[in-house]
Amino acid sequence: MKKLFKLTTNFYGIATLAFLFWMIFIDSNNIVNQFKLSQKLGQLEDQKEYYQERKLKIQAEREELMSNPELLEKFAREKYFMKKKTEDLYVIVKE
């Protein structure tokens with residue numbers, strides 16, 4: 001207890017405690033914000049990895065689609081409901 005009292009009466013002790021208090025709780029780069037930013041960075045890195053994998057998958061599908069005319073026609077018919085001039089198109093919606 002005497003050490004703590006002696007530390008608080010010393011100018012350098014008070015300045016050190018004030019500095020630590022400032023850095024831990026008040027400063028914009030405090031420990032709480034650093035922890036939150038660290039978690040956010042981890043989440044963003046996970047999202048980046050997911051989107052990079054998805055991008056590679058989509059590029060592979062696109063390459064396959066562009067190299068095969070029959071697959072391209074099938075994709076256009078299913079996704080965009082395209083048809084030939086001589087055909088009738090019926091869309092069945094399930095409820």
With clusters defined by side-chain heavy atoms of hydrophobic residues (ILVMFWY) lying less than 4.5 Å apart, directly or transitively, does [Y] cluster with [X]?
{"X": "Leu37", "Y": "Leu41", "answer": "no"}
{"X": "Leu72", "Y": "Tyr80", "answer": "yes"}
{"X": "Phe21", "Y": "Ile24", "answer": "yes"}
{"X": "Leu56", "Y": "Tyr50", "answer": "no"}

Can you tell me how far the [atom1] atom of [X] sits from the [atom2] atom of [Y], to the nearest 0.5 Å?
{"X": "Ile58", "Y": "Glu63", "atom1": "CD1", "atom2": "CD", "result": "14.0 Å"}
{"X": "Lys74", "Y": "Asn68", "atom1": "NZ", "atom2": "CG", "result": "10.5 Å"}
{"X": "Phe75", "Y": "Arg62", "atom1": "CZ", "atom2": "CZ", "result": "11.0 Å"}
{"X": "Glu45", "Y": "Gln43", "atom1": "CD", "atom2": "CD", "result": "11.0 Å"}
{"X": "Met66", "Y": "Leu71", "atom1": "CE", "atom2": "CG", "result": "10.5 Å"}
{"X": "Ile31", "Y": "Phe25", "atom1": "CD1", "atom2": "CZ", "result": "7.5 Å"}

message: So that I can tick it off, tell me whether Lys57 and Glu53 are bridged by a salt bridge, with the cut-off set at under 4.0 angstrom between side-chain N and carboxylate O.
response: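 Judged by the 4.0 Å cut-off on N to carboxylate O distance, Glu53 and Lys57 do not form a salt bridge.
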
- prompt: Would you say the side chain of Lys36 lies within less than 4.5 Å of the side chain of Val32, judging by non-hydrogen atoms?
  reply: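 Yes, side chains in contact.
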
Counting only heavy atoms from other residues, nucleotides and ligands, does the tally under 6.0 Å from [atom1] of [X] exceed 12?
{"X": "Lys83", "atom1": "NZ", "result": "yes"}
{"X": "Gln47", "atom1": "CD", "result": "yes"}
{"X": "Glu87", "atom1": "CD", "result": "yes"}

- request: State whether the side chain of Asn30 and the backbone N or O of Asn33 hold a donor-acceptor pair below 3.5 Å, judged by distance alone.
  value: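 Pair found, side chain donor or acceptor close to backbone of Asn33.
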
